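First the structure, in the form of structure tokens, and then the observations on it.
Note on naming: letters A, B, ... go to the chains in the order of the sequence lines (proteins, then strands), and numbering restarts at 1 for each one. Just so it is clear, the model here is predicted, and its values are computed rather than measured.
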There are 2 protein chains.
Amino acid sequence: MGTDSGIAVPELSSVQFSTVYNLFSLVIASMLFTALYLLFSRGRVAPRYRNALVVSAIVCGIAAYHYFRIFDNFQESYPPEESIASSHLLSNVAFNEGYRYVDWLLTVPLLLIETVAVMALAKSDARRLLWKLVPASALMIALGYPGEITSELGPRLLWGTLSTIPFIYLLWVLFVELTRSIDRQPPEVQHTIKMLRLALVGLWGVYPIAYLFPVLGGDFFGGADGFVLRQAGYSIADILAKAAYGLAIYKIARVKSGLEDPAYDDDHAVPGPDDGSPARPTPGRDTVAV
Amino acid sequence: MGTDSGIAVPELSSVQFSTVYNLFSLVIASMLFTALYLLFSRGRVAPRYRNALVVSAIVCGIAAYHYFRIFDNFQESYPPEESIASSHLLSNVAFNEGYRYVDWLLTVPLLLIETVAVMALAKSDARRLLWKLVPASALMIALGYPGEITSELGPRLLWGTLSTIPFIYLLWVLFVELTRSIDRQPPEVQHTIKMLRLALVGLWGVYPIAYLFPVLGGDFFGGADGFVLRQAGYSIADILAKAAYGLAIYKIARVKSGLEDPAYDDDHAVPGPDDGSPARPTPGRDTVAV
């Protein structure tokens, strides 16, 4: 190890290799098809919420692109050896964690944008929040990158600490400033928005823990098991923080659309004049473009 | 060096290689998903501004295509060596800067077209401006190309100077002729359009500076660090001049659409008769196709 601490391990067993391989493929499928689902569903929410859906789809699309790259890179870094049962040895191609930072640099600010978009705040409130959230989140990711690519523990801790400063600022904006705006949301979605905010911050906690694996060191964290756990942590956190998060945004947009315009409250059977009759078409819905 | 001054360096360290590699991937993701975002958002602006959005998306798409090529070319030019920590040596495949000129030859005139399109000028004014801007910008790029691929400094300076002539003409058209048209734009977008014009010209300044690196010479500008800085300059300037520029065009189109037809001013909660009441649907929006 030494010069590449924690970023690449010299050997993965065939089981470890398959686990990471299948996880990466799971992420690609989740991201790509969540993106398509959100795009094809945007006609089912009121126009003012469509941007939130398109941005959520873009986030999943960007993640899918990066996982295609990560997947190919992983295969090149750990090529097949003599037999199926052989361990995969690290080749002369580095396993490039830098992709993840490029991904987060684009997707983390967009996740905050989709969250503010689905709240449909007054224009000045939305602008004020975004001017705080977007630069702080980009700074948080950018400051983590030099620490991730370094081979030494000192700079890793230094950059990690610097990156924590905008993170704490984000927490303050999300949990103090945003709370006032959440209180003005319809009661039906207030709880969901609060859970989303908690999920976002909770999932962000996965990334610094994985970042600290090389600092923790030891046989486990610095070795092949630590590598697999780290990739699994990133992959599952990415699915939850982007795909599942995007679907929750869609759900909020659907509920708010239905509250504001009955034309969008069309998912379920509509009881007739005497209850229990079969569903009838909702009037006016066919005027809504897709 | 000698015969390939500044266009290709014989050796990149693994950190230099990763930096350029991750930057190229960042450009691909930025361009590709800005293009998709603009395409899926075109229903959110009035019909007369949709062409500006589609052209902006096409510009980003063309750039994404070229960066896929540049990315693959870069990997072939600097293949992995013995170990992950080894420097990447220039292979028998040239790193082809010519791609960039093909890209600019298509995208720079289109950037001017999208700018004129979003202003929605009178037909004769638009035609007159485009007949000046488009040929001049194509000529500016075409005259730079022979200077870029030459190995000698004399022709590089000669073609660079020739290319500056249409550039100065463009400045004159943008800052003298276009100003009359900007003054007739709604006050809400005049400032943004002026900033865009400044950004366009400011970012174009990056390209001649990078072009002059080989002329500047020296260990830095002619060496690996100069190569990385040059690629970083091109990449960041391309993201700003195409993706960020396209998003600014979208923003102008949204503002103008909202001013001309309240159906498009729908992003935010609409306060009821007494403030603080829940949002109500915006009438008339259902006539807008997506």
Is it the backbone or the side chain of A/Tyr101 that comes under 4.5 Å from a heavy atom of chain B, or both, or neither?
neither
Cationic N near anionic O, under 4.0 Å, A/Lys123 to B/Asp265:
yes
Nearest 0.5 Å, what's the OH-CG distance between B/Tyr37 and A/Leu110?
9.0 Å
Could you tell me whether a side-chain N or O of A/Asn92 sits under 3.5 Å from a main-chain N or O of B/Glu81, the two making a donor and an acceptor?
yes
Rounded to the nearest 0.5 Å, what separates atom CD1 in A/Ile62 from atom CD1 in B/Ile28?
13.0 Å
With chain A as the partner, which of B/Ser18, B/Ala29, B/Ser25, B/Ser14 has the greatest number of non-hydrogen pairs under 4.5 Å?
B/Ser25
What part of A/Leu39 is in contact with chain B, defined as an atom under 4.5 angstrom from a non-hydrogen atom: side chain, backbone, both or neither?
side chain
The interface call for A/Ala46 against chain B, heavy-atom contacts under 4.5 Å, is neither
Please determine if A/Arg69 forms a cation-pi arrangement with B/Phe71, meaning its NZ or CZ atom is less than 6.0 Å from the six-membered ring centre and no more than 45° off the ring axis.
yes
Once you round to the nearest 0.5 Å, how far does CD of A/Glu76 lie from CD of B/Gln75?
6.5 Å
Under a 4.5 Å heavy-atom cut-off, does chain B meet the side chain of A/Ser91, its backbone, both or neither?
backbone
Tell me whether the rings of A/Tyr99 and B/Tyr21 are parallel (<30°), tilted (30 to 60°) or perpendicular (>60°).
tilted
Side chain to side chain contact (heavy atoms under 4.5 Å, CB included) test vs B/Phe40 passes for just one of A/Ile58, A/Val54, A/Asn51, namely A/Val54
Among the options B/Asn22, B/Leu26, B/Thr19, pick out the one with the most heavy-atom pairs lying under 4.5 Å from chain A.
B/Asn22
